[in-house]
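Naming: A, B, ... by sequence-line order, numbering from 1 per chain.
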There are 2 protein chains.
Amino acid sequence: MTDDPLAFQLFTEIGIIDQLGGAAFERALPAGLTRAQFGVLQHLSRRARPSQSPGTIAAAMQVSRATMTSTLGRLAKRGLVAIEDDPADGRGKQVRLTDAGETLRQACIAAVLPLLPLVGQALTAAEQDQMLGLLRKLREVLDTARDAAP
Amino acid sequence: MTDDPLAFQLFTEIGIIDQLGGAAFERALPAGLTRAQFGVLQHLSRRARPSQSPGTIAAAMQVSRATMTSTLGRLAKRGLVAIEDDPADGRGKQVRLTDAGETLRQACIAAVLPLLPLVGQALTAAEQDQMLGLLRKLREVLDTARDAAP
DNA sequence: CCGATATGATTTGATATCGAACTATATAGT
DNA sequence: ACTATATAGTTCGATATCAAATCATATCGG
């Protein structure tokens, strides 16, 4: 069970943590919001530009445009974002957070904050820092490899 | 963008790495096999017991029984595993790897090995070791929290 | 100016995943 | 023995995700 190559084990652990952490996260989120949906709200609220194209958001979230179409559709149906035609480009759309979206986003933050100490229970601040550095290095290489391969 | 709590950033990186790594992995896998399917083949081949119940496999893979029903169904349809009634328990099933499944599993390993050096490109062996230790600590806490919460 | 190519978004069809409801069998408790 | 409860597996309806195909509009080249 532990005779796999180190790299294999790394991805196994990462996959499990993503699953466990994501599940805990969504359990805490109000109103049946999903991680993907919260991610979009969070992304939109952090941007200086009040409105972005679906493609830009998809790239930032590292998902395909097809996925983003579907997620944005659900958010729009709940009135959390507004999607309008881009006046500057007939093909494009522009997405912005509505007031309801911003309100719910803040509620999500509040709902999720209590989970954070859990990480502190596992790792000291120094360890978290260290881990973040390692994860970033790994992510950058994977990112580069992806751009190169297809 | 980086003013999130550390723990937040950790999970963000982990999510992205899981996505990028998983995508690269599945691109390398032959015959449109998925990570989930490969995981089951791999799990079955590593066990001393030649046959396991769906529930046991689901627990080992950290997914719900419902998910495993669906994945096993697809594997069985391709003849990679055999599913039979458990003679000792009228409710249960027993799953085992077929010869075709074992053959394909080995092909998967061969197809995927070339990806591993990618990790070495990002992290030294010592760093990988360190990271694995940190990931395991985090996973264990999340695992315990999950068992406690529901 | 127009045909060729590129780009933005959507649709379609597949897989994974979950929780909840359901079926069938097993086990416990009295 | 019989009812109550627990467990194994499946089914259902959502969501996320992707690749490929499609549609509309932009842009480029000549």
Side-chain angles (χ1 to χ4, degrees), chain A residues 15-16 18-29 31-40 51-78 80-81 83-95 146 149-150, chain B residues 15-16 18-29 31-40 51-78 80-81 83-95 146 149-150:
Chain A
I16 293 175
D18 189 49
Q19 208 161 26
L20 292 176
F25 194 91
E26 290 193 356
R27 245 183 285 121
L29 243 30
L33 260 205
T34 65
R35 256 199 301 174
Q37 291 167 11
F38 171 72
V40 172
S51 122
Q52 304 223 328
S53 74
T56 304
I57 303 172
M61 298 280 133
Q62 312 250 15
V63 300
S64 67
R65 282 196 304 265
T67 295
M68 194 46 66
T69 295
S70 144
T71 297
L72 287 175
R74 269 178 269 275
L75 287 172
K77 193 158 54 176
R78 299 173 80 167
L80 304 174
V81 303
I83 307 178
E84 284 138 19
D85 289 344
D86 184 340
D89 184 334
R91 304 163 297 182
K93 302 282 181 69
Q94 286 289 311
V95 184
R146 194 226 0 210
Chain B
I16 293 175
D18 190 49
Q19 208 159 26
L20 291 177
F25 195 92
E26 290 194 354
R27 246 183 284 120
L29 243 30
L33 260 205
T34 64
R35 254 199 301 174
Q37 291 168 10
F38 170 73
V40 172
S51 122
Q52 304 224 329
S53 74
T56 304
I57 304 173
M61 298 278 134
Q62 312 251 15
V63 299
S64 66
R65 283 194 308 263
T67 296
M68 195 45 66
T69 294
S70 145
T71 297
L72 287 176
R74 269 178 269 275
L75 287 172
K77 193 158 54 177
R78 300 172 78 166
L80 304 174
V81 303
I83 307 178
E84 284 137 20
D85 289 343
D86 184 341
D89 185 333
R91 304 163 297 183
K93 303 278 180 76
Q94 286 288 311
V95 185
R146 192 223 4 205

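- How far NZ of A:Lys93 is from CE of A:Met68: 14.0 Å, rounded to the nearest 0.5 Å.
- B:Glu26 comes within 4.0 angstrom of no nucleic acid atom, judged by non-hydrogen atoms across all strands.
- Contact annotation for A:Asp86: no contact, since no heavy-atom pair falls under 4.0 Å across all strands.
- Within the nucleic acid shown, B:Thr69 comes within 4.0 Å of at least one base atom, counting heavy atoms only.
- Nearer to the 5' terminus of DNA chain C, by closest-nucleotide assignment, is the contact made by A:Asp89 (compared with the other of B:Asp89 and A:Asp89).
- One atom, CG of A:Asp18, and another, P of C:dT17, lie 11 Å apart when rounded to the nearest Å.
- The existence of a salt bridge linking A:Arg35 and A:Asp18 is confirmed by a sub-4.0 Å separation between a basic side-chain nitrogen and an acidic carboxylate oxygen.
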When you compare the protein's N or O atoms with those of nucleotides 18-22 of chain C, which come within less than 3.5 Å of each other, and at what distance?
residue	atom	partner	partner atom	Å
C:dC18	OP2	B:Ser64	N	2.7
C:dC18	OP2	B:Ser64	OG	3.0
C:dC18	OP2	B:Thr67	OG1	2.7

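- Listed pair B:Arg91 / C:dT23 fails the phosphate criterion, with no side-chain N or O lying under 4.0 Å from OP1 or OP2.
- By the side chain to side chain contact (heavy atoms under 4.5 Å, CB included) test, B:Arg65 is found to be paired with B:Ala58, residues two or more places apart in sequence or in another chain being considered.
- Summarising the geometry, the separation between CZ on B:Phe25 and P on C:dA16 is reported as 14 Å, rounded to the nearest angstrom.
- Contact check, B:Arg74 against C:dA16: a side-chain N or O comes under 4.0 Å of OP1 or OP2.
- A:Ser70 comes within contact range of at least one nucleobase, with a heavy-atom separation under 4.0 Å.
- The heavy-atom pair separating B:Thr71 from B:Val40 by the smallest distance is CG2-CG2, 4.3 Å.
- Among the heavy atoms of the strands, none lies under 4.0 Å from A:Arg35.
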Check: So A:Thr67 and A:Ser64, side-chain hydrogen bond (donor to acceptor under 3.5 Å, both in side chains) or not? Walk me through it.
Finding: CA-CA 5 Å; A:Thr67 295; A:Ser64 67; 3.1 Å; yes
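- For the pair A:Asp86 (side chain) and A:Ala88 (backbone), a donor-acceptor distance under 3.5 Å is present.
- Note on B:Thr34: a side-chain N or O is less than 4.0 Å away from OP1 or OP2 of C:dA16.
- Separation of atoms CG (A:Leu80) and CD (A:Gln37) is listed at 8.0 Å; rounding is to 0.5 Å.
- Here the CD atom belonging to B:Gln19 is positioned 7.0 Å from the CD atom belonging to A:Gln62, to the nearest 0.5 angstrom.
- Along DNA chain D, read 5' to 3', the first and last nucleotides having any atom under 4.0 Å from a heavy atom of chain A are D:dT15 to D:dA26.
- Taking OG from A:Ser70 and CG from A:Leu75, the interatomic distance works out to 9.5 Å, rounded to the nearest 0.5 Å.
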